2 protein chains.
Amino acid sequence: MLSKETLSKLFPDWEDGLYDAILNEAELKEAKAGTTLLKMGQNIKSAMLVVEGTIKLYQEDETGGEYFMYHLNPGEACAVTLVCNYHHEQSQVLAKAVTDIQYLAIPIEFMEKWLNEFKSWHYFVIKTYRSRYEELLKTIHEIAFKNMDERLEFYILKYVKQFGKIVNLTHQDIANDLNTSREVISRLLKKMEHNGWIVMNRNSFDWIKK
Amino acid sequence: MLSKETLSKLFPDWEDGLYDAILNEAELKEAKAGTTLLKMGQNIKSAMLVVEGTIKLYQEDETGGEYFMYHLNPGEACAVTLVCNYHHEQSQVLAKAVTDIQYLAIPIEFMEKWLNEFKSWHYFVIKTYRSRYEELLKTIHEIAFKNMDERLEFYILKYVKQFGKIVNLTHQDIANDLNTSREVISRLLKKMEHNGWIVMNRNSFDWIKK
DNA sequence: TTAATTGGGTGACATATATCACACTACAAT
DNA sequence: ATTGTAGTGTGATATATGTCACCCAATTAA
């Protein structure tokens, strides 16, 4: 079960009443690694706050393509689910659990209410949107101006920052996240290996640049 | 000079005290069409609210490339300038006036203060971030999944929605906004003409599809 | 131990876009 | 009328990436 202590570690800037509200209204849910938590076009019925584990956020194409945008970690929230004035709002993003996760699901009817009641909630929402907006800007910068080799490096660095220098991803995983094909990634990784940036193993490689 | 009536038409959801605060603290500025209002990396010293005219927001590359993301119209605000807790925050976007414009410049020291004082300001900031976040998602969708011909159509439709079916842009203008070359745009527009989607003139063309 | 599956390597080729060179035309300036 | 300039059209070619075909090695399942 969830305690006020746990909450105050995850969300240190909240006022006391907000912790109580969460304990009363939020449901603590779990999901296995790999689960899809939110699909594009799906109706949003609750806000999502990460308690444990990591979530990956994607832009999704009608034809099945995906483009990875950013990670969500404990103490962070999915921006799109935070402000739903109307019911039946549809998700604009795809969210997947990377690891086994725990998250808080708060029915969206509390969103409007809490914005009124809790100043710290209000700040939390703004902070969330601001930082996600910045992530999207970085993503646009990559896709609009960089070639695949640079985007791959940027992608790997995001991974390394999250999980460390041993990158446990198959070439196919990476290709899916960057909306390209496995062959392209294989060739680019080979180049990186020649350049001495990585050491390759089956199913993984080590980032050793710098 | 700026009146409370004008303000209440532009920003209908604000509380009364906020109009007064604006009248006291904001400076009404003007800029000619084509002016650069904010460059990437530039220190943000004031928030920007559009009163008259249209602004275009870009992502900018170190090497001079630009990618158009969205328009800002009267009653809208530049999200990045709205939440600057620290001084010396650097702009992540490029903003240019498309038409002659008037805008309100509010020194950033009031941002934190007003978030505390005015609930309607708080909502305004959230609404701004939310809608800009959605624009960025659409932009990512275009660049990540679409070829240049589809992106060009999307681009033209944004223009048409803003300014009407007569598109007063040179091929070079469009190429700059989509970070490609004039030749590419020329050829694609020729195709659109063949398909009967547009009628071309010198310095402009008409969108007649559908 | 053998067979099947998954991850990866690589050549050949297709396509989209970028780049270069240059020609042409409408309009503006003189 | 002449000249200059900005906007446009278009072939030739280069490059990055996508696609197809197929192989091999490592791991797992039988």
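The chains referred to below are lettered A, B, ... by the order of the sequence lines, with proteins before strands, and numbering in each begins at 1. What you see is a predicted model; the values in this text were computed from it and never measured.
Separating the CZ atom of Phe205(B) from the P atom of dG9(D) is a distance of 11 Å, rounded to the nearest angstrom. Taking atom CG of residue Asn168(B) and atom P of nucleotide dT8(D), one finds them 11 Å apart after rounding to whole Å. Computed from coordinates, the Ile185(A) CD1 to dT6(C) C1' distance equals 18 Å when rounded to whole Å. If you measure from atom CG of Asn201(B) to atom P of dG9(D), you get 11 Å, rounded to the nearest angstrom. Spacing between atom NZ of Lys190(B) and atom P of dG11(D) amounts to 12 Å, rounded to whole angstrom units. Note: CE (Met200(B)) to C1' (dT8(D)) measures 7 Å, nearest angstrom. Straight-line distance from the CD atom of Glu193(B) to the C1' atom of dT10(D): 15 Å, rounded to whole Å. Nucleotide dG7(D) holds its P atom 15 Å from the CG atom of Leu189(B), rounded to whole Å.
In terms of the side chain to side chain contact (heavy atoms under 4.5 Å, CB included) criterion, residue partners of Ala105(A) (sequence neighbours excluded) are, by chain and number, Lys29(A), Ser46(A), Tyr103(A).
The shortest distance between the side-chain N/O atoms of Ser186(B) and the OP1/OP2 oxygens of dT8(D) is not below 4.0 Å. In this model, the phosphate group of dG7(C) is not approached by any side-chain N or O of His171(A) to a distance below 4.0 Å at OP1 or OP2.
Geometric assessment of Arg130(A) against the ring of Tyr129(B) yields a negative cation-pi assignment under the 6.0 Å and 45° thresholds. Taking the ring axis of Phe68(A) as reference, the NZ or CZ atom of Lys56(A) stays within 45° of it and closer than 6.0 Å to the ring centre.
Side chains of Asp177(A) and Tyr155(A): a donor-acceptor N/O pair is present below 3.5 angstrom, by distance only. Remark: the Thr54(A) side chain and the His71(A) side chain contain no N/O donor-acceptor pair separated by less than 3.5 Å. Judged by distance alone, the side chains of Asp13(A) and Ser120(A) never bring a donor and an acceptor atom under 3.5 Å apart. A donor-acceptor pair shorter than 3.5 Å can be found between the side chains of Gln90(A) and Asn43(A).
Ring geometry for Trp14(B) versus Phe11(B): interplanar angle under 30°, hence parallel rather than tilted (30 to 60°).
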Would you list the protein and nucleotides 27-29 of chain D atom pairs, both N or O, that sit under 3.5 Å from each other?
none

Spell out protein contact along nucleotides 16-22 of chain D as letters: B when the base is contacted, S when just the sugar-phosphate is, - when no protein heavy atom is under 4.0 Å; keep the 5' to 3' order. -SSBBB-
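Using a distance-only test at 3.5 Å, with no hydrogens or angles considered, a donor-acceptor pair links the side chain of Thr81(B) to the main chain of Met48(B).
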